[in-house]
Amino acid sequence: MDEHFKYGSIGAEVDGFPYSIWRELPTIFADDLPNGFAEFGFLTEEGHDLPIGVSVRRIGVPRVGFNCGTCHVSAYRLNGEEHLVMGAPANALNLQAYITFLTTAATDDRLTADAVIEAAEANGRPPGFLEKMVLRFVVFPRLGEQVAGLKDSLAWLGTRPAHGPGRTDAGNFWRERWGLEPDKDSRVGTVDFPSVWNQRIRLDGWFHWDGNNASLDERNISAALAGGAQEWLLERHSIDRISDWLMDFPPPAFPVPYDEALATEGRVIYEREACDSCHDPGAAKLGQVTSSDILGTDRERTGLFDEIMVRYFRTVGEKYSWQFRNYRVTDGYANMPLDGIWMRAPYLHNGSVPTLADLLAPPNQRPASFFRGCGDFDPVTVGFICSDGFQFDTRLTGNGNSGHVYGTGLPEAEKNALLEYLKSL
Ligand code: HEC
Ligand code: HEC
């Protein structure tokens with residue numbers, strides 16, 4: 001099943017890049033992609049031609065698409081060793097940079113049928129006569145047209161703060177699809193990828209970062225549609241299998257021994273500070289929304305999902321049994337379980353706080369800017385150590401790191417105990 005999660009199709013290849021061209025891009029654009037698609041943070045495994053999160057399927061010609069593993073598989077490095085974690089937020093994946101590369105490459109002078117054929121031959125997979133004809137007379141002529149349309153539909157992306165690794169815009173792709181012209185304003189729906197394990201404890205309750213949907217089915221299907229699937233090609237069977245599998249898929253255990261006695265002390269503080277009342281399975285407030293007036297975290301994401309969005313969401317899947325009926329407007333963010341929280345850095349819905357230690361610091365002491373997208377795990381502060389790559393600026397629209405001040409006023413020793421407890425979740 002995890003093979004399917006990482007490489008299987010969910011029906012998202014419809015507008016995908018033709019595979020015969022895509023796989024030669026790292027050769028043709030070797031200057032831009034010295035590490036191939038890993039340059040964008042895609043993970044690879046031995047014995048697989050495709051990176052994790054990329055599937056191939058024939059729609060006319062074989063095309064590449066996204067699947068659940070694109071955004072929901074990650075890795076951490078510890079003592080020089082890399083460990084894959086299924087269901088974890090793809091912290092290093094820079095989806096925006098990848099999409100921008102594909103749309104730019106498609107109209108680059110270096111990309112010609114001859115260049116693809118030459119690269120394929122150099123890579124030991126010389127195309128046959130028919131393949132060459134298809135490439136020259138079917139695939140290439142359409143590529144320009146297809147990509148021109150895509151480029152237009154992504155114009156809004158360039159007018160907002162870059163997502164960087166580990167994030168995407170949860171609202172504006174939909175708005176573009178519905179003709180709501182996101183290019184005409186500057187509203188931001190950027191979110192950190194969430195974890196998707198342990199869905200059973202998320203069955204009853206309103207989830208998505210802003211708690212806008214109470215149906216697990218709709219959360220799964222909307223994810224597939226957002227990943228590029230079309231209503232008519234939606235692989236219901238495949239998505240249902242994944243959904244069943246995620247139901248009890250366990251969060252990863254903290255990768256090094258932690259101080260259990262200290263964690264037990266931390267649990268007491270956790271309860272005293274009422275963290276459990278919002279975050280623990282079984283708590284009345286789990287899966288409910290805390291208003292931004294109380295919470296104080298960045299409001300862009302929750303503000304973007306307004307009545308107009310909800311009205312359009314209710315038209316999704318109109319002709320199908322699964323038509324969306326469960327979207328609503330909220331004014332804050334959902335109280336979610338903290339299972340496997342150590343592997344969910346950076347923190348908050350917009351990924352604006354790099355470590356758990358930083359989240360326990362008062363907002364004005366949290367880093368105003370930091371690098372993200374690295375895989376080196378720091379078991380002390382609980383987050384990723386990052387000193388180059390994409391610089392995240394919390395002063396930009398949608399990137400604010402304010403709010404969620406719970407626990408930030410505790411004495412240092414109590415914070416340490418609380419942090420130790422969070423490692424155990
Ligand atoms: C392009 C990246 C991407 C792909 C592909 C993707 N997701 Fe997601 N997923 C997200 C983002 C981003 C969110 C958070 C959206 C929000 O709340 O604003 C999310 C949220 C979810 C949630 C809700 C999590 C919660 O706790 O609120 C579930 C469940 C989920 N995805 C499952 C899936 C499944 C199953 C697939 C494959 C069918 C999938 N996702 C494919 C990016 C993706
Ligand atoms: C009133 C409800 C409430 C209380 C009390 C509360 N939290 Fe939260 N917590 C939230 C909400 C809502 C979010 C999401 C905020 C956002 O992303 O903007 C959150 C986010 C978090 C996150 C980050 C989750 C992620 O995936 O990035 C952690 C960690 C966390 N809380 C720990 C704690 C701890 C520890 C305490 C107690 C000291 C606590 N919380 C108290 C509601 C609460």
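One-based numbering, in listed order, for ligands and for the atoms of each.
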Ring center gap for Trp178 and Phe313 short of 6.0 angstrom: yes
For ligand 2, indicate whether the residue Ala334 contacts it via side chain, backbone, both or neither (heavy-atom separation under 4.0 Å). backbone
For ligand 2, indicate whether the residue Asn350 contacts it via side chain, backbone, both or neither (heavy-atom separation under 4.0 Å). neither
Does Arg301 make a cation-pi contact with Trp209 (under 6.0 Å, within 45 degrees of the axis)? no
Is the closest basic N to carboxylate O distance between Asp306 and Arg311 below 4.0 Å? no
Listed protein N/O/S atoms, distance to atom 8 (Fe) of ligand 2 under 2.8 Å: His279 NE2, His404 NE2
What protein heavy atom is closest to atom 24 (C) of ligand 2, reported as residue, atom name and distance in Å? Ile341 CD1, 3.7 Å
Residue list, disulfide (SG to SG under 2.5 Å) with Cys68, at least two apart or on another chain: none
Name the closest protein heavy atom to atom 23 (C) of ligand 2, giving the residue it belongs to and the distance to 0.1 Å. Leu359 CD2, 4.0 Å
Can you confirm if the NZ or CZ of Arg175 lies within 45° of the ring axis of Phe173 and under 6.0 Å from the centre of its six-membered ring? no
Once you measure the plane-to-plane angle for Tyr258 and Phe254, does it fall in the parallel (<30°), tilted (30-60°) or perpendicular (>60°) bin? perpendicular
Are the side chains of Leu360 and Leu410 in contact, using a 4.5 Å heavy-atom criterion? no
Can the ring centroids of Phe371 and Phe384 be said to lie less than 6.0 angstrom from one another? no
Would Leu95 count as a contact residue for ligand 1, given that I'm defining contact as a non-hydrogen atom of the residue lying under 4.0 Å from a ligand atom? yes
Protein contact to atom 5 (C) of ligand 1 [nearest heavy atom, distance to 0.1 Å]: Asn67 O, 3.2 Å
Which of the atoms in ligand 2, numbered in the order shown and given with their element, are less than 4.0 Å from a heavy-atom of Leu356? 29 (C)
Here the atoms of ligand 1 under 4.0 Å from any heavy atom belonging to Thr168 are 12 (C)
If you take the centroid of each ring, where Trp contributes its six-membered ring, are Trp174 and Tyr312 closer together than 6.0 Å? no
Using a strict 4.0 Å threshold on nitrogen-to-oxygen distance, state whether Arg57 and Glu235 make a salt bridge. yes
Hey, is Arg301 one of the residues with a heavy atom under 4.0 angstrom from ligand 2? no
Looking at ligand 1, is there an atom of it that comes within less than 4.0 Å of some heavy atom belonging to Met336? no
Test your reading of the structure: does Thr297 have an N or O sitting under 3.5 Å from an N or O of ligand 2? yes
Check each atom of ligand 2 against the heavy atoms of Gly407 and keep those under 4.0 Å away; list them by number with element. 38 (C)
Arg395: which residues meet the side-chain contact (heavy atoms from CB on, under 4.5 Å) condition with it, sequence neighbours left out? Ala368, Ser369, Asp393
Cation-pi check, Arg23 onto Tyr19 ring (under 6.0 Å, within 45° of axis): yes
May I ask which of Thr302, Leu348, Val191, Ile294 has a heavy atom nearer to atom 27 (O) of ligand 2 than the others do? Leu348
Top protein contact for atom 17 (O) of ligand 2, by heavy-atom distance: His349 N, 2.7 Å
Quick one: does any side-chain atom of Ser291 pair with a main-chain N or O of Asp293 as donor and acceptor, under 3.5 Å? yes
Within less than 2.8 Å of atom 8 (Fe) of ligand 1, the count of protein N, O or S atoms comes to 1
Looking only at heavy atoms, is any part of Leu295 under 4.0 Å from ligand 2, and if so is it the side chain, the backbone, or both, or is it neither? side chain
Give a yes or no on whether a salt bridge exists between Glu307 and Arg328, defined as a side-chain N under 4.0 angstrom from a carboxylate O. no
Audit row: Ser55, Tyr7, side-chain contact (heavy atoms from CB on, under 4.5 Å) steps and yes/no: CA-CA 5 Å; Ser55 63; Tyr7 303 102; 6.0 Å; no
Flag the pair Asp192 and Arg167 as a salt bridge only when some basic side-chain nitrogen lies within less than 4.0 angstrom of an acidic carboxylate oxygen. no
Using a 4.5 Å cut-off on heavy atoms from C-beta on, say whether the side chain of Glu39 contacts that of Pro34. yes
Which protein heavy atom lies closest to atom 16 (C) of ligand 1, and at what distance to 0.1 Å? Trp209 CD1, 3.5 Å
Considering only protein heavy atoms, which is closest to atom 26 (O) of ligand 1, and at what distance to one decimal place? Arg202 NE, 3.9 Å
